[in-house]
**Q** 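Questions regarding the structure given below will be posed in turn.
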Amino acid sequence: WKKFGEDHPDKDLLDPLPVPLLIIGTKYDVFQDFDSEKKKMVCKTLRFVSHINGASLQFYSSKSDALVNKVRQLLSHFAHGAAASHTMSMDYTKPLTVPAGSDALGQIGVPSLSSGELGKINARVPLELWKQAYGGFFPQVSILVCAVSWYWAISFTAGRYQLSLKSLKTHARTPSI
């Protein structure tokens with residue numbers, strides 16, 4: 001809780017991990033060319049997920065020396081206790097740099113939903129709302145990798161990978177890709 005402070009406005013809504021967490025959004029050189037609305041949705045969702053988990057968020061591209069240096073500095077901070085950078089960037093048109101505890105739910109806002117999606121949302125907690133909004137904005141895809149009589153089912157949901165080992169005997173149908 002030290003990184004948030006006792007007077008943080010979201011203190012009662014957060015569930016930070018007990019260990020430091022850094023979320024790195026890679027391939028920023030590709031991401032920067034995305035449609036403006038897609039970038040906004042991805043950035044807001046990543047900010048929300050990192051904020052409620054007490055994580056720092058940093059975008060990265062191996063093609064940008066400035067971003068490489070920022071990530072190096074963050075990794076050095078987490079691994080060796082080096083001084084942390086105090087720079088922030090929360091503008092979705094630029095690479096995000098959000099140190100843990102510096103964001104607020106009021107600054108992040110609510111997910112963008114169309115009027116048709118509002119009637120379909122049945123979320124009880126904010127994370128579920130964000131998952132449903134993100135899933136409605138970006139169609140979800142399952143990838144199937146087979147190995148003998150078992151397969152790994154990987155689903156991409158709200159920027160997270162969910163990995164599960166399933167038996168082909170109990171799941172004879174494979175999802176379409």
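One-based numbering along the sequence shown. Remember, it's a predicted structure, so these values are computed and weren't measured experimentally.
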**Q** Does a side-chain heavy-atom distance below 4.5 Å link S102 with M90?
**A** yes

**Q** Would the distance check show the side chain of D10 and the main-chain N or O of L105 forming a donor-acceptor pair, the cut-off being under 3.5 Å?
**A** yes

**Q** At what distance, to the nearest 0.5 angstrom, does OG of S85 lie from CG of N69?
**A** 11.0 Å

**Q** Would you name the heavy atoms of E37 and F137 that are closest together and state the gap between them?
**A** O-CZ, 3.7 Å

**Q** Quick check: does any side chain N or O of S76 sit under 3.5 Å from a backbone N or O of R72, one acting as donor and the other as acceptor?
**A** no

**Q** Identify the heavy atoms of L17 and L21 that sit nearest to each other, and give their distance.
**A** CD1-CD2, 3.4 Å

**Q** Mind checking the OG-CG spacing from S50 to L22? Nearest 0.5 Å is all I need.
**A** 10.0 Å

**Q** What pairs of residues pass the ring pair (Phe, Tyr, Trp, His ring centres under 6.0 Å) test when at least one of them lies in residues 69-100, not counting sequence neighbours?
**A** none

**Q** Check D29 against S61 and note the closest heavy-atom contact, atom names and distance.
**A** OD1-OG, 2.9 Å

**Q** For K40, which residues count as a side chain to side chain donor-acceptor pair (under 3.5 Å) partner, sequence neighbours excluded?
**A** none

**Q** Under a 3.5 Å cutoff, is there a donor and acceptor pairing between the side chains of T93 and D91?
**A** yes

**Q** Walk me through whether V125 and E128 qualify under side chain to side chain contact (heavy atoms under 4.5 Å, CB included).
**A** CA-CA 6 Å; V125 294; E128 286 298 317; 3.6 Å; yes

**Q** Calculate, to the nearest 0.5 Å, the distance between atoms CG and CD1 belonging to L46 and I24 respectively.
**A** 12.5 Å

**Q** With heavy-atom distances below 4.5 Å as the criterion, would you say the side chains of Q58 and L67 are in contact?
**A** yes

**Q** Is any side-chain heavy atom of Y60 closer than 4.5 Å to a side-chain heavy atom of K27?
**A** no

**Q** Side-chain heavy atoms nearer than 4.5 Å, only ILVMFWY residues, links allowed to pass through others: does that put L74 and V19 together?
**A** no

**Q** Does a side-chain heavy-atom distance below 4.5 Å link I23 with S56?
**A** no

**Q** Sub-3.5 Å donor-acceptor pair from the side chain of K94 to the main-chain atoms of S89, do we have one?
**A** no

**Q** Count I, L, V, M, F, W, Y as connected when their side-chain heavy atoms are under 4.5 Å apart, and connections chain through other members. Are M88 and L96 then in the same cluster?
**A** yes

**Q** Sorted by first residue and then second, give each ring pair (Phe, Tyr, Trp, His ring centres under 6.0 Å) pair with at least one member in residues 9-50; sequence neighbours left out.
**A** Y28-F59, F31-F34, F31-F59, F48-W130

**Q** Would a 4.5 Å heavy-atom cut-off, applied to side chains only, mark L14 and H51 as touching?
**A** yes

**Q** Tell me, with the steps shown, if R47 and L57 meet side chain to side chain contact (heavy atoms under 4.5 Å, CB included).
**A** CA-CA 7 Å; R47 283 179 61 195; L57 174 62; 4.0 Å; yes

**Q** A84 and Q73: which non-hydrogen atoms are nearest, and at how many Å?
**A** C-NE2, 4.4 Å

**Q** Do the side chains of I52 and D15 get nearer than 4.5 Å, heavy atoms only?
**A** no

**Q** Any idea which heavy atoms bring A133 and S112 closest together, and the distance?
**A** CB-O, 4.5 Å

**Q** Honestly curious: do L127 and L13 fall in one hydrophobic cluster under the side-chain, below-4.5 Å linking rule?
**A** yes

**Q** Do V30 and F138 sit in the same hydrophobic cluster, where Ile, Leu, Val, Met, Phe, Trp and Tyr count as joined when their side-chain heavy atoms come under 4.5 Å apart?
**A** yes

